[in-house]
Amino acid sequence: MTVVIGFEGSANKIGIGIIKDGEVLSNPRRTYITPPGQGFMPSDTARHHRAVILTVLKEALEQAGLKPADIDCVAYTKGPGIGAPLVSVAPVARTVAQLWGKPLLGVNHCIGHIEMGRLITQGNNPTVLYVSGRNTQGGLVIAYSERRYRIFGETIDIAVGNCLDRFARVIKISNDPSPGYNIEQMAKKGTQYVELPYTVKGMDVSFSGILSHIEEASHKMLNSGQCAAEDLCFSLQETVFSMLVEITERAMAHCGSQEVLIVGGVGCNMRLQEMMGVMCKERGAKLFATDERFCIDNGAMIAQAGWEMFRAGQVTELEDSWITQRYRTDEVEVTWRD
Amino acid sequence: MTRSVSLLVWFTKWPRGGSLSMRSRGSSGAADRRRRKAAAVNMSQETSMALQEFLSQAELIKQGAEARVYRAQFLGKPTILKQRFPKRYRHPLLDEKLTHRRTVQEVRSILRCRRAGISAPVVYFVDYASHCIFLEEIVGSSTVRDYIASTRRSDASEDLGWLAERVGQILARMHDEDVVHGDLTTSNMLLRHGLEDGESELFLIDFGLSYISALPEDKGVDLYVLEKAFLSTHPSTEALFQRLLKSYAAASSKSSAVFKKLDEVRLRGRKRSMVG
C-alpha cells in the first residue's frame, strides 16, 4: 500500500491531492480568478497561493481521513510553469516532507496530466493530446516509446489555451470560472462561421497567426455588426480544435495508434471532445477523456505521477528539489513503464 | 483505356470548364456568368460521376489521414489518383475551404517546382468537385524513408551521405523557388533507381500543405519540420542530417538567413518562455 500526497500550483490553480494505490482520496483545489480583460500576474498568483495553501493542505488530509504519518511520499510540481507560483508551493512541500520525515519527489506537470489520464481511463497506450494554456507545452501530441513520452506534434509558438484566454481578454469575457469555459458556452450560441487563419505545418501547429488576426479583426467585425461575439467564439473553437484534431490524427497515422487520450485544461471542452470523437470513429479508434476534476490542474495528478515514480524507486534529494519554468515532457525518463 | 477516354471526352466537351483551361476574363454580363457557372456545375457533376466510376475500378493502395490513394491506368500511363475526402469533424465550410485549398496548393506547387526543373510527378488531371488529382506514377521507386530503413537494416555501415546531399540540394532549389513544402518527411520523397547510367532520381511529393513564401522564417520552419520527422523516424542520424544541411547551404543562395531562423525555431521548442 502506497499513499502519496501531491502539490500543484504551477499556474493559477493551487491543488493538493492524495492518492492511495490508484484511488483518489481527496483533491481540493482553489483557482485565482482575475477580473475580465486581465490575465493573472505571477506575483499576485503567488500571493493567492500562499494565502490558501495551508488551508487546502488541511482539507486534503481531513477529506482523506489521514494523518501525516499515513503518507509515504510527498510529490510536488517541479515544472514547467510560472516561476512565482511554483516557488510559493515547492517550499511547503519540502517543509512537510522534512517535518513528516517522508521522501520528496519532483514531478513534471504534463506527466502528471498523462498519468492521471491513464489511471482514470485505463487506456492501453494512447496517443496523448495535451492541451492547456501553458506556453511551454500547451498543444502537444505525445506518444510513449522506449521510456520517454515523445513529442510528435506541438505548437511552434503559443499554446491553444493561451490563444483562447487572450481572445477572451480582447472581448472582455469573464474569467470566472475560466475564460475557456465561458468561450465554450458562448460558442454554443454561435450560428455564423467566420473564416479564420488555419495553420498546420507538418505535424506542428501555429496559433499566433489566428490570435493576431482575431485580436485585430474582432472589434471591427463586432462594431460593424458583421457577426456577434458568440459567432467569433464558435469560429475560433472550430478552427483551433480542427487544427489539434488534425495533428493528432497525423500522429496516430504515423505511429499506427488506435487510442487517443485528451488531457489538460482545454480537454474539458466538450466540443473538442466531440470533434476528436468523430475523427476517432471514422478511423475505428477509441477516445479517452477525463472530466474537469482531472483535466484542470489538480494535486491528485501530481500525486499519481509521484506514486508511479516512487514505486519505480525514484526520489528527489533536497538539493535537487528546485523548480524550473521550462521542463520538456521528453526530458523525463519514464522508468515506471516498459 | 475506354474509361480514361470517356473521362477525357467529358473534359473536352466543355472547353471552358475543366481544370487545365484558362478562365475567361471577358467583360460579359451577369447572365453570361450565370450560364457559364451553371454549365461548369453541370460539367463537374458529370465529371464526378465518371470519376466515381473510374475510381471504383482503380486499385486502392493507401488510405491516409487526409486522402485515399489509388493506382490506375489513365491515357495509357500508370497513374496515381489522390482523392481528398471530407473530414466530418470539421465545420463543413472550413472543411470545403481547406480541402479545396490543399488540392489547389498541391497542384500549383508541383507545377511551379517542375517548371524550375525540380523533380515532382506530372499532373495529368484535376477534378475540383471531388478533390481528386491524377498524377504520374513514379514506377520503380520507394520512399526515402523505406530506402534509409532497409539500407540500415541490411548494411549498417553503408554511407548514405550521397542521399543526404541530394536531398539538401533539391530542397535548396525548391526554397530558392520560394516554394515552402509544409510537410517535409522522408515519406514525402521518392527515390527511383535502375536508370541506364545507374543513377537514381529524387522526387518530391505530397505538396498539400505547401505555399509560396520568400520569408526565411517559413523556410526555416520547413527544415525544422523535416529535422524533427527525420530524427524521430531514423534514430541516430544527426550526422547525416548535418550533411543534408551542408549540402543545402552549398546549393542555396539564401541559406544563412534560413539557418538563422531554423536555430530560432529550434530554440523556441527547447526553451519557451512562460507568458501567462
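Just so you know, these numbers come straight off a predicted model, no measurement behind them. Just so it is clear: chains get the letters A, B, ... in the order the sequence lines come, proteins before strands, and each one is counted from 1.
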Q: Decide side-chain contact (heavy atoms from CB on, under 4.5 Å) for B:Asp222 and A:Lys201; before the verdict, give the C-alpha distance in whole Å, the side-chain angles of both, and the deciding distance to 0.1 Å.
A: CA-CA 8 Å; B:Asp222 216 22; A:Lys201 300 194 189 233; over 6 Å; no
Q: Scan A:Met276, A:Lys281, A:Met275 and name whichever one has a side chain to side chain contact (heavy atoms under 4.5 Å, CB included) with B:Tyr89.
A: A:Met275
(Q) So that I can tick it off, tell me whether B:Arg90 and A:Glu238 are bridged by a salt bridge, with the cut-off set at under 4.0 angstrom between side-chain N and carboxylate O. (A) no
**Q.** Lys/Arg N to Asp/Glu carboxylate O, A:Glu246 vs B:Arg102, below 4.0 Å
**A.** yes
**Q.** Derivation of the side-chain contact (heavy atoms from CB on, under 4.5 Å) call for A:His254 and B:Thr233
**A.** CA-CA 9 Å; A:His254 187 91; B:Thr233 314; 3.8 Å; yes
Q | Heavy-atom closest pair, residues A:Gly202 and B:Val225 | A | CA-CG1, 3.9 Å
Q | Side chains of B:Glu66 and A:Glu249 in contact at under 4.5 Å (non-hydrogen atoms) | A | no
Q) Which atoms form the tightest heavy-atom contact between A:Val200 and B:Leu209, and what is the distance? A) O-CD1, 3.9 Å
Q: Using a 4.5 Å cut-off on heavy atoms from C-beta on, say whether the side chain of B:Lys228 contacts that of A:Phe152.
A: no
Q. In this structure, are over 12 heavy atoms from other groups packed under 6.0 Å from B:Glu59 atom CD?
A. yes
Q. Mind checking whether A:Phe234 and B:His91 have parallel, tilted or perpendicular rings, split at 30° and 60°?
A. perpendicular
**Q.** Among B:Asp95, B:Leu226, B:Leu98, B:Val180, residue most engaged with chain A (heavy-atom pairs, under 4.5 Å)
**A.** B:Leu98
Q | More than 12 heavy atoms from other groups under 6.0 Å of CE on A:Met221 | A | yes
Q. Between A:Glu282 and B:Arg88, is a side-chain contact (heavy atoms from CB on, under 4.5 Å) present by the stated rule, with each step listed?
A. CA-CA 8 Å; A:Glu282 299 208 319; B:Arg88 271 181 266 270; 2.5 Å; yes
Q | Part of B:Phe85 lying under 4.5 Å from any heavy atom of chain A | A | neither
**Q.** Sub-4.5 Å side-chain heavy-atom contact between B:Lys97 and A:Glu195
**A.** yes
